[in-house]
Protein chains: 2
Amino acid sequence: MATGRTHRPATRSRGIPEATVARLPLYLRALTALSERSVPTVSSEELAAAAGVNSAKLRKDFSYLGSYGTRGVGYDVEYLVYQISRELGLTQDWPVVIVGIGNLGAALANYGGFASRGFRVAALIDADPAMTGKPVAGIPVQHADALEDIVRDNGVSIGVIATPAGAAQQVCDRLVGAGVTSILNFAPTMLTVPDGVDVRKVDLSIELQILAFHEQRKAGEDAAADSGMPAPAAVKGAAAAAAAMDEADPKGTDGEAPAVMPA
Amino acid sequence: MATGRTHRPATRSRGIPEATVARLPLYLRALTALSERSVPTVSSEELAAAAGVNSAKLRKDFSYLGSYGTRGVGYDVEYLVYQISRELGLTQDWPVVIVGIGNLGAALANYGGFASRGFRVAALIDADPAMTGKPVAGIPVQHADALEDIVRDNGVSIGVIATPAGAAQQVCDRLVGAGVTSILNFAPTMLTVPDGVDVRKVDLSIELQILAFHEQRKAGEDAAADSGMPAPAAVKGAAAAAAAMDEADPKGTDGEAPAVMPA
DNA sequence: TATTGTGAATCAATTCACAGCT
DNA sequence: AGCTGTGAATTGATTCACAATA
C-alpha cells in the first residue's frame with residue numbers, strides 16, 4: 001500500500017492519488033446505473049451528482065486516468081465504464097477466499113456482489129470441523145487445515161478474514177504465507193503484515209463510534225457536561241466500562257466478525 | 001457532517017479534525033486492551049505501535065483533546081480511556097435500530113460489540129411479514145409499519161440500514177422523518193439526506209475494488225496490457241459486463257446488504 | 001455554446017524537530 | 001533522561017477559475 005516504486009511509464013505516468021482510487025468504484029457504480037438505462041453520455045456535473053461528489057473533484061480524478069471526455073459534450077458512458085473497470089483491475093477475474101464462516105462470513109458468501117463481475121468466491125474456510133462440508137451459499141465449507149492448498153490451487157491473491165479477533169492474525173499469517181497479498185479484514189484487530197501486502201479494514205464498531213461523536217455534537221453539549229474523573233489520578237474501574245466493546249465475543253450464536261456489504 | 005457552526009467554548013475550542021476523530025476509536029481499542037492487562041501507563045511510542053500509526057500523529061491527535069499525558073512518563077491508561085470515551089460520546093447509551101434483517105442484518109444483530117458499552121440494539125425491523133415476531137439474537141423482529149413508533153418511543157437517533165439497495169432511500173427517509181440523525185448505510189447506494197443528518201457508508205464491493213486496484217499494480221502490468229476498446233466509439237456491450245456488480249440482488253437467499261463488523 | 005482539462009490557490013493532514021516539563 | 005506538546009515545514013487533497021476546444 002505504501003511501497004512507492006516507480007513502475008511502467010505506459011499510458012499515463014503512474015501515481016493515481018489514493019483518494020482518487022477510493023472514489024473510482026463510486027463513479028463506476030453510478031456509470032453502471034446509467035449504462036443500464038442506456039444513457040449514452042453524461043456531463044461531469046450530472047455524474048458527480050449521481051456519485052455524491054462535486055464536479056471539479058470528479059474531473060480532476062478523471063484527469064489522472066487520461067482524457068476520456070469530449071469538451072462541450074461530456075463522457076461516453078460505456079467507454080468510461082470500460083476504462084475505470086480496467087484501471088481498477090476488474091476486467092480480470094479475482095478468486096477470493098473467505099475465512100471464518102460464522103454469521104458474518106455467511107452473509108458475505110451470500111452477497112450477490114461477490115458472484116458478479118470481477119470477484120469470485122473460490123472457497124469458504126472455517127476452523128470448526130462441524131462446519132466442514134456444510135454448504136453455505138451453495139459452496140461447501142472446507143476445513144482450515146486445507147487453507148494453504150486452497151490458496152495455491154486456486155491462485156488466490158485476495159483473502160477475506162471474518163474470524164473472531166483472536167484468530168485473525170494467525171489466519172492472516174497463513175494466508176500471506178500461502179501467497180495472498182491483499183486482505184480485507186473484518187475482525188476488530190490490527191493485523192501485522194510484511195511489506196508488499198495490503199490490508200483494508202472494515203469495522204462496524206469504529207463507524208458507530210464516529211457517528212456517536214457527531215451525534216453528541218448535535219445533541220448539544222449541555223447535559224452531563226462534566227460528571228467526574230477530574231484528573232489523571234486514581235480512576236480505576238469507572239472507565240473500564242468503556243472497555244469490553246471490542247475484543248472478546250460476548251453473546252453471538254457463533255463468533256466471527258460482522259461484514260460489510262450491500263444488497 | 002459538514003455544518004461548520006461554532007459551539008461551546010468549553011474545555012478546549014471545538015474543531016477536532018475529522019481525521020483525528022476517525023482514529024480515536026482505534027486508540028480506544030488499543031487502550032482498552034492495555035487496561036484489561038492492567039498496564040498503568042503507556043508512552044506515545046508504544047500506544048502508536050499498538051494502534052498502527054506513528055507516534056507524532058498520535059501525540060498531535062491527543063493534543064486536540066487536551067494535555068492528558070505526563071512528560072517524561074507517558075499517558076495514564078485508565079484516564080485516557082475515559083477521556084476518549086467521553087469525547088466520542090460513549091459514556092452515554094445510544095439506542096440503535098437495524099432495518100433489514102436478512103443475512104447481514106442478522107449478522108449485525110448478533111455482533112457482540114453492539115450489546116456492549118455505548119450501543120444498544122433497541123429494535124430489529126424488517127418489511128417481510130414472515131419475519132415479524134421471529135427472534136433474531138434474542139430480539140423479536142418488528143414490522144416496518146411500526147418504524148416511526150419504534151424510533152420515537154425509544155428515542156433512537158442512530159439507524160443502521162441493511163436492506164437491499166432499492167429500499168434504502170425510502171427507509172432512510174422514514175428514519176430521518178421519525179427523528180434519526182445518524183445513519184450507517186450498508187446498502188450499495190448513495191443516500192440523500194437533509195442537512196444535519198450524518199451518513200456513513202460501509203461497502204464491501206468498494207473495498208474489494210480498491211484492493212483489486214493495488215493487486216493489479218503488484219502483479220505487473222504486462223499481461224493483457226491492452227486488449228480492446230481503442231476509442232470512445234461503439235463499444236456497447238463489452239463493458240456492460242463490469243456492470244451487474246452492484247445494484248440488483250442476484251443470488252442470495254434473501255436480499256440485504258452484507259455488514260461490517262468484528263467478532 | 002457547453003463542457004472538459006488543468007494550472008494556481010486554498011485548505012487539511014502529516015511529519016519534523018525541538019523546547020518545555022517531570 | 002525521557003517523553004510530551006506543539007509550532008513550523010511539508011505533503012497531499014480539494015476547490016477555484018478559466019483557457020482550450022469539440
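Protein chains get the first letters and strands the later ones, always in sequence-line order, with residue 1 at the start of each. Everything numeric here is computed off the predicted structure, so don't read it as measured data. Hydrogens, waters and symmetry mates are skipped; everything else that's a heavy atom, side chains included, is used.
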Measure the distance from [atom1] on [X] to [atom2] on [N] and round it to the nearest whole Å.
{"X": "A:Leu65", "N": "C:dG5", "atom1": "CG", "atom2": "P", "answer": "10 Å"}
{"X": "A:Glu46", "N": "C:dT4", "atom1": "CD", "atom2": "P", "answer": "9 Å"}
{"X": "B:Ile16", "N": "D:dT6", "atom1": "CD1", "atom2": "P", "answer": "14 Å"}
{"X": "A:Tyr64", "N": "D:dG12", "atom1": "OH", "atom2": "P", "answer": "11 Å"}
{"X": "B:Lys57", "N": "D:dG12", "atom1": "NZ", "atom2": "C1'", "answer": "12 Å"}
{"X": "B:Asp76", "N": "C:dT22", "atom1": "CG", "atom2": "P", "answer": "16 Å"}
{"X": "B:Glu18", "N": "C:dA13", "atom1": "CD", "atom2": "P", "answer": "8 Å"}
{"X": "A:Arg23", "N": "D:dA13", "atom1": "CZ", "atom2": "P", "answer": "9 Å"}

Can a salt bridge be assigned to the pair A:Glu87 and B:Arg217 using a cut-off of 4.0 Å between side-chain N and carboxylate O?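 Looking at A:Glu87 and B:Arg217, the cut-off is met.
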Which sits closer to the 5' end of DNA chain D, A:Arg59 or A:Val73, going by the nucleotide each is nearest to?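 The residue closer to the strand's 5' end, by nearest nucleotide, is A:Arg59.
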On DNA chain D, nearest-nucleotide positions of A:Asp61 versus B:Gly69: which is more 5'?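 Between the two, 5'-proximity favours B:Gly69.
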Nearest to the side chain of [X] - [options]?
{"X": "B:Ser63", "options": "D:dC16, D:dT6, C:dT4", "value": "D:dT6"}
{"X": "B:Ala19", "options": "C:dT14, D:dT4, C:dT22", "value": "C:dT14"}
{"X": "B:Lys60", "options": "C:dT22, D:dT15, D:dG7", "value": "D:dG7"}
{"X": "A:Ser67", "options": "D:dT15, D:dG5, C:dG5", "value": "C:dG5"}
{"X": "B:Asn54", "options": "C:dT3, C:dT15, D:dC16", "value": "C:dT15"}

When we call it a touch if two heavy atoms are under 4.0 Å apart, what does A:Tyr75 touch: a base, just sugar-phosphate, or nothing?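 Touches sugar-phosphate only.
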Pairwise 5' ranking along DNA chain C for B:Thr20 and B:Arg71, keeping only the more 5' one: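 It is B:Thr20, whose closest nucleotide lies nearer the 5' terminus.
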Suppose we call two aromatic rings close when their centres sit under 6.0 Å apart. Are A:Tyr79 and A:Tyr68 close by that rule?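 Yes - the distance between ring centres of A:Tyr79 and A:Tyr68 falls below the 6.0 Å cut-off.
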Would you say B:Arg86 and B:Thr91 are linked by a side-chain donor-acceptor pair, where the criterion is simply a distance under 3.5 Å?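 Their side chains do not contain a donor-acceptor pair, so the 3.5 Å distance test is not met.
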Shortest non-hydrogen contact from B:Asp203 toward B:Ser205: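 That would be OD1-N, 3.0 Å.
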Pairwise distance CZ(B:Arg200) to CD1(B:Ile158) - rounded to 0.5 angstrom: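 It comes to 12.0 Å.
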